[in-house]
Amino acid sequence: MNIQEKIEEILKLSKADEVVVLASESSSANLRWANNTSTTNGLQKGTRLSIVSIIDGAVGSINATYFPSDSLEKLVRDSEAACEGTPKAPDYLPLPEGRSSGSWEEASESIDLDRFEGLVTDLAATFKKARSDELLFFGYASESSITDWVATSKGFRGRHSTLDAGLSMTLKTPDFKVSQAHTKQLGSMDEAKVEDMHERLMKRFEWSANQLAVGPGHYPVILEPQAVGDILYYLYSQLGLRGAEEGRTAFSKSGGGSKIGEKMFPEFINLVSDPAAPGLETPPFAASASPGARSSVFDSGYPVARTEWVKSGTLENLIASRFWAEKFGRKSAPEIGNLVLEGDESKSLEDLISSTDRALLVTRFWYTRMLDPQTLLLTGLTRDGVFSIEDGKVRGAVNNFRYNMSPLKVLAQTDELGATARAFGRSRVPHLRVNDFHMSSVSEAS
Amino acid sequence: MRQGDIDPEFLSLGLEKLADAGLSRAKNLGATHAEFRVERRKSQVIAARDRNLERMQNVDQVGFGLRVIFDGGWGFASDIDLSPESARIAAENAVAVAKQFRTLNSEPVELVPEPVYDDIHISSYDTNPFEVDDSTKIDHLLSLNEKVLSSSKIDFVDSAILQVQENKFFATLDGSRITQQRIRVNSDFTATKVDKSSGAFETMSSTSPPLGKGWEGITNGHDYFLDAERIPELLEEKIKAKSVEPGRYDLVIHPSNLWLTIHESIGHSTELDRALGYEATLAGTSFATIDKLGKLQIGSEVMHVTGDRVVEHGLSTVGYDDEGVKAQQWDIIRDGVLVGYQLNRQMASKIGQERSNGCAYADSPSNVPIQRMPNVTLQPSPKATSLEDLIGGVERGIYIVGNKSWSIDQQRYNFQFSGQQFWEIKGGKLVSQLNDVAYQGNTIEFWNSMEAVGGKDTFILFGTFQCGKGLPGQVAPASHGCPAGLFRSVNVLNSAQEG
């Protein structure tokens, strides 16, 4: 029985009022290296099945990774039994009527080790260069394929497949006193350009020849896309309608309600999610194994489309399942698995640097955590490359910092956008020049 | 321990046959070392929001992983199909992976030796939480929420229970056969007060420790209902409390906060793989480099830190680690001096140690075991120093309870932690709550400023289910027992003024 046949069998076996079945098959390969030698690696296969039974509005679910054909009936009954003694979900809605999305019958894709052949050759050459430069080379490469199938008792059948790869490269001096890193999220391992990434790292080693000590304070900064992604992740995590309406997020308005409609950022700030965003494609339908205010099992199969969270600096929408959107009189906007902060593709990093009188250039952040959810104040640290820019030129590398800063202030105080690149998860964000960024203290880490 | 105490569903997975198929194929292909792990991990999350059940999620993860050393390099493959044929294919894949990447190996993998074991280990618990009715757990959360909401001082409450049963069967080419079962539970809640007119809100969470216990860890340990009674009052006071004046303060830190400072600044910095650079791509490196072993005064003389995988109810407690090394206890910091690291078999060989101290762990059958944190414990004072004694020794300071926000740099120098409750200390006595407190410091300066630790009566075992490390990312549970501690002249920030 293939996975599609197992799903149909589960739907047949179900005695629940309604049932949602989510299944996935995954295949991945990875390679890690450190100190100029490979360290760990792996070839992995996985499957996952969620059966969500809904009886009298109560939800019972099971999630299994091993589900041979002869186990299906027991799994269905277990999910039904889980409804017993469970109160009706307060946000229950009947499942949306069915339609189909994607090529249901198509099988999943396996990741083959051969796909790493070119990478291994390129990495071997880089290992050699690192040794001759008396540097240490560290990194991680991975490629994964995930195929999801979603079916409901209302006739919906959806399939979505994702192929993703990532390459992370770090070069350090043997005493670890200088460290430069670059990470690229890729559509597949074929897109890996090891030599280009190495060249960029070596350029930054050149910049690091002049080491400058800079104290804590408020500085203009240019944030590279990885740094922007690190903090926007937290903004996205707080972008829910329910919490805002209840008065307990940074998007809650004084006097009650949410800040939807409020101009929060400059005119050029546009933040969107779009299932069809090129290179960041996500399922064009909602799917979840549990109730929730951002994504809900009761929305499974509901179509999702491009949604503007921030349009021309104004908060337009907040993430909401159908139930919570209706409750607060807003447009339903279930969570979409990607995020795009629009940039200016005509402006390279070099353009931004050359048009900047004075700023710190930040490569990435590390260990970012929420400090105060009321203002979305985050804390974290810079890492793997901070540089001083003066009069349109990089003057040298500076020490790392701890920052305390809200992404709301970052966007509000952005005065220039640059070209975009892929960042955390399935996001695409630009370089940002921010006119005031709070570096709270110096970190001795290098 | 009897085999009959292990979950029979796990034992029925044909463990020996799978292992024999995978290991014998690996041997035939020329692997010089092979280890085969079958794992089943059952977990349940139940979350309640106000007077409603929000979510109940049951996950049953099963699969196996096979790791080999071939031609001096590692190779790993995993699968979820529990058939001998799949085990044989996994062995072929693991060897193929090792071959594919061998041109990148400049150092052959070496492992320190470990005796062969044939054993069964079950963690210490009374009632398996998976044998408790779901309705009992839901009732527990809804009753707790009702108690919190019965106060007019609270607008919202979120609560949750998380429980895990982890079964592992480990077999090696050289003959080890180890079967283990561990149970852990966690529960907590957060109360929220909203002032819609001003748009302000504030939260306070219970300070309950996750433990390697059964259902009794929820019902017979921490008093959640006492928390539910006190927190509305405490939260109201906190909202009205004065905002802290930033500056240097003496701090008395309760174990509910200090455990996390130990985890981040001492636990992670003394991982040998990190100190040697093997985690540089993600988690970072460490200030505690190998040249400092036996020399670096990390903390004051009252600081004695142990690593272990044996303490009863510890989240990292096992019979054997995921490389078949028997669980142990050892010193990491003695009299404030760095004297030991956390090791796996490969890292131990890199610094000439004769044996690993058993810190290898894989968070799922599809991941390789890497060096993960054991229980890292700050030992209490042999004196009967009480919390009141510590507070009594402070003229101007702050007493901190619970953790909230935490962050540390990638070499574990610069940290910043917040908390749930901050109490002003004046003249050796608690005065009233403060708000907006975060303490920031350098690990070595901070631990050297520790003047005293409490006695064993102040000692509590806290910890986490979710410590992240490695690529692909893995999470691991670890406990951190500690007494209360007194620290002199620590930098305190006002978080409201930081943004």
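In what follows, chains carry the letters A, B, and so on, assigned in the order in which the sequence lines appear, proteins first and then strands, with residues in each chain numbered from 1. Predicted model only: the values in this text are computed from it and were never measured.
Residue contact with chain B, scored on non-hydrogen atoms closer than 4.5 Å, involves the backbone of A/T249 exclusively. Neither the backbone nor the side chain of B/A47 comes within contact range of chain A, judged by heavy atoms closer than 4.5 Å. No part of A/K88 comes within reach of chain B, as not one of its non-hydrogen atoms sits under 4.5 angstrom from that chain. In this structure, the portions of A/T39 lying under 4.5 Å from any heavy atom of chain B include both its backbone and its side chain. Contacts between A/E245 and chain B at a heavy-atom distance below 4.5 Å involve the backbone alone (N, CA, C, O). With a threshold of 4.5 angstrom between heavy atoms, B/D195 does not approach chain A through any atom at all. In this structure, chain B has no heavy atom under 4.5 Å from any part of A/S144. Contact annotation for A/L123: both backbone and side-chain heavy atoms come within less than 4.5 Å of a heavy atom of chain B. Contact annotation for B/E279: both backbone and side-chain heavy atoms come within less than 4.5 Å of a heavy atom of chain A. The parts of A/A64 that come within reach of chain B are both its backbone and its side chain, each placing non-hydrogen atoms under 4.5 angstrom from that chain. Contacts of A/N400 with chain B are made by side-chain atoms alone, with heavy-atom separations under 4.5 Å and no backbone atom involved. Of the two parts of A/S252, neither the backbone nor the side chain holds a non-hydrogen atom closer than 4.5 Å to a non-hydrogen atom of chain B.
Under a 3.5 Å cut-off, the side chain of A/Q374 and the backbone N or O of B/F201 do form a donor-acceptor pair. A donor-acceptor pair is defined here as one N or O able to donate and one able to accept, closer than 3.5 Å; no such pair exists between the side chain of B/S78 and the backbone of A/Q44. When atom types are taken as modelled, the side chain of B/N414 and the backbone of A/V442 share a donor-acceptor pair closer than 3.5 angstrom. Listed for the B/S405 side chain is a donor-acceptor partner under 3.5 Å among the backbone atoms of A/M370. Between the side chain of A/R32 and the backbone N or O of B/G470, no donor-acceptor pair lies under 3.5 Å.
With respect to chain A, the highest number of heavy-atom pairs below 4.5 Å among B/D155, B/V109, B/T285, B/T103 belongs to B/T285. Between chain B and the options A/R402, A/H438, A/K45, A/E444, heavy-atom pairs under 4.5 Å are most frequent for A/R402. Ranking A/F138, A/Y403, A/W366, A/F67 against chain B, the residue ahead of the rest is A/W366, based on heavy-atom pairs under 4.5 Å.
Distance check: A/D372 CG to B/S495 OG gives 5.5 Å after rounding to the nearest 0.5 Å. For the atom pair CG (B/D60) and OG (A/S71), the distance works out to 10.0 Å, reported to the nearest 0.5 Å.
At a threshold of 4.0 Å, the pair B/D158-A/R248 counts as salt-bridged, since one of the basic side-chain nitrogens sits closer than that to a carboxylate oxygen.
At least one side-chain heavy atom of B/S106 sits under 4.5 Å from a side-chain heavy atom of A/R131.
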